[in-house]
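All of these numbers come straight from a predicted model, not from anything done at the bench.
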Amino acid sequence: MEGWCSVEELVQYGFGRARVVMANEAHNGLARSIRTRDVGVRMIRAAHETGVRRLAMEALSWPDRDIPGPIRDMPPAGGGYLGQPDMRRLIAAALELGWSLWAYEAVFEMTPATDPAEFRTMEFTNWREREQAANLCQLTAAAPAEPLLVWCGNGHASKKETRNWIPMGWHFRAISGTDPFVIDQTVTVAWHDQPKPWVQTLLAEVGETLAAHGGTAGILRDQAPESLAGRDYADAFVVSTENTLS
């Protein structure tokens, strides 16, 4: 595959190279990029054509103690991400195709004695990243022949350490010995309402290409423009004109 491509082509290329593909959505609290989830629906349908039938999601609750799945019904909406219509569309896309869903979030309990500040420490963050990776490793080890699409938030799938933060993607590769194909959808998202200057420059440079792909296109890191090529935490990027959080 060379140059800019559709999201579908990018996902299918990824599963041609790796049995585990990780893709992310952009969110900040309950504000989120609806585009990243709508693209997730497209990714699921494209992955289905390659034989993928399993989706691991950070947002899912475990069905029971030590049982990550399979989950075959729409989870209760609740008041968080799972209640947002765009997230429910993404989940429905997988369930309607007969996929099984799997939880992999770190399991921890809050008691009246728990200090909420504890969950904001780097020590807790890195523990959570390791636990997520270990849970995913158990999923892949239990069914080594079955490909898996992993859906996470923001930078969890990153393959690179950043100062004191060691993300789930780094841990997964270290624990499993499997190199996942990581797609970053967040690179052009306007986290503070306004895109960064380099993002505005990039979008202007590739505007015609994006328009030809309906506003959103993918590219491999080793074929990407200079502003993306040095970002070696992912294997590929999704660039879009739709970058707001709502």
Side-chain angles (χ1 to χ4, degrees), residues 6-8 10-12 14-15 19-107 128 131-133 135-136 138-140 142-143 146-157 168-169 172 180-186 189 214 216 218 238 240 242 244-246:
S6 69
V7 169
E8 288 80 3
L10 188 63
V11 170
Q12 292 176 349
F15 275 111
R19 67 189 179 102
V20 177
V21 171
M22 297 183 177
N24 59 359
E25 63 175 65
H27 58 236
N28 183 13
L30 290 179
R32 75 284 190 197
S33 165
I34 294 175
R35 178 265 298 173
T36 57
R37 292 179 180 169
D38 288 345
V39 168
V41 172
R42 295 171 56 187
M43 289 181 173
I44 288 167
R45 291 171 178 164
H48 187 81
E49 294 180 6
T50 72
V52 182
R53 298 293 185 270
R54 298 196 304 162
L55 174 64
M57 297 187 68
E58 179 188 331
L60 292 172
S61 298
W62 289 55
D64 207 342
R65 185 179 180 86
D66 298 326
I67 299 176
I71 300 167
R72 299 191 182 277
D73 297 305
M74 181 67 72
Y81 298 134
L82 294 178
Q84 294 175 329
D86 35 292
M87 179 67 95
R88 297 186 79 74
R89 286 197 299 271
L90 187 150
I91 294 172
L95 292 176
E96 288 167 3
L97 290 170
W99 285 29
S100 58
L101 308 181
W102 302 82
Y104 72 89
E105 176 60 281
V107 178
R128 180 187 174 204
E131 287 293 299
Q132 287 187 350
N135 292 334
L136 285 171
Q138 290 183 3
L139 285 180
T140 56
E146 294 185 36
L148 179 70
L149 177 61
V150 178
W151 189 257
C152 67
N154 300 337
H156 288 294
M168 174 271 289
F172 178 82
F181 186 86
V182 174
I183 302 172
D184 177 26
Q185 286 211 81
T186 71
V189 167
T216 300
V238 172
S240 180
E242 299 175 55
T244 59
L245 296 178
S246 57

| query | Would you say the side chain of Gln132 lies within less than 4.5 Å of the side chain of Glu58, judging by non-hydrogen atoms? | reply | yes
| request: Please lay out, stage by stage, how Val182 and Phe172 fare under the test side chain to side chain contact (heavy atoms under 4.5 Å, CB included). | output: CA-CA 12 Å; Val182 174; Phe172 178 82; over 6 Å; no
| request: Identify the two heavy atoms, one from Ala93 and one from Val41, that lie closest to each other, and give their separation to 0.1 Å. | output: CB-CG1, 3.8 Å
| request: Can you see which heavy atom on Ala106 is nearest to which on Glu131, and at what distance? | output: CB-CB, 3.5 Å
| Close side-chain approach of Ser100 and Arg53, heavy atoms under 4.5 Å | no
| said: Is the shortest side-chain heavy-atom distance between Ile44 and His48 below 4.5 Å? | reply: no
| request: Apply side chain to side chain contact (heavy atoms under 4.5 Å, CB included) to Ile183 and Met43, showing your working. | output: CA-CA 11 Å; Ile183 302 172; Met43 289 181 173; 4.0 Å; yes
| task | Ignoring hydrogens and angles, tell me if any N or O in the side chain of Gln12 forms a donor-acceptor pair with the backbone of Ala46 under 3.5 Å. | result | yes
| So which heavy atom on Gly79 is nearest to which on Leu30, and how close? | O-CD1, 4.1 Å
| query | Should Leu136 and Met168 count as side-chain neighbours, where that means a heavy-atom distance under 4.5 Å? | reply | yes
| query | Which atom names give the shortest non-hydrogen contact between Ala26 and Thr186, and what distance separates them? | reply | CB-CG2, 3.8 Å
| remark: d(Leu82 CG, Leu90 CG) to nearest 0.5 Å is 10.5 Å
| Short side-chain to backbone donor-acceptor contact, Gln185 and Asn24, under 3.5 Å | yes
| field | Partners passing ring pair (Phe, Tyr, Trp, His ring centres under 6.0 Å) against His27 (at least two apart in sequence or in another chain) | value | Tyr81
| request: For residues Thr50 and Pro147, determine if any side-chain heavy atom of one lies less than 4.5 Å from a side-chain heavy atom of the other. | output: no
| said: I need the Leu149 CG to Trp102 CH2 distance, nearest 0.5 Å. | reply: 14.5 Å
| task | Provide the closest heavy-atom pair for Ala59 versus Met87 in the form atom of the first, atom of the second, distance. | result | CB-CE, 4.1 Å
| said: Counting C-beta onward and ignoring hydrogens, is there a side-chain heavy-atom pair between Ile91 and Pro75 closer than 4.5 Å? | reply: yes
| Smallest separation among heavy atoms of Pro63 and Ile71, with atom names | CG-CG1, 3.6 Å
| request: Kindly compute the distance separating CG (Leu101) from CG (Leu60), expressed to the nearest 0.5 Å. | output: 6.0 Å
| request: Hey, could you give me the CZ/OG1 distance between Arg35 and Thr216, rounded to the nearest 0.5 Å? | output: 5.5 Å
| Salt-bridged, Glu146 to Arg19, with N to O below 4.0 Å? | no
| task | Take Phe181 and Met22 through the test side chain to side chain contact (heavy atoms under 4.5 Å, CB included) and record every step on the way to the result. | result | CA-CA 6 Å; Phe181 186 86; Met22 297 183 177; over 6 Å; no
| request: Mind checking the CG-CG spacing from Leu55 to Leu148? Nearest 0.5 Å is all I need. | output: 7.5 Å
| task | Quick one: do Val150 and His156 satisfy side chain to side chain contact (heavy atoms under 4.5 Å, CB included)? Show the steps, please. | result | CA-CA 11 Å; Val150 178; His156 288 294; over 6 Å; no
| message | As an exercise, state the distance from OH of Tyr104 to CD of Gln138, rounded to the nearest 0.5 Å. | response | 14.5 Å
| request: Please name all residues satisfying ring pair (Phe, Tyr, Trp, His ring centres under 6.0 Å) with Phe15, sequence neighbours left out, ordered by chain then number. | output: none
| query | Just wondering, do Ile34 and Arg89 contact through their side chains at under 4.5 Å, heavy atoms? | reply | yes
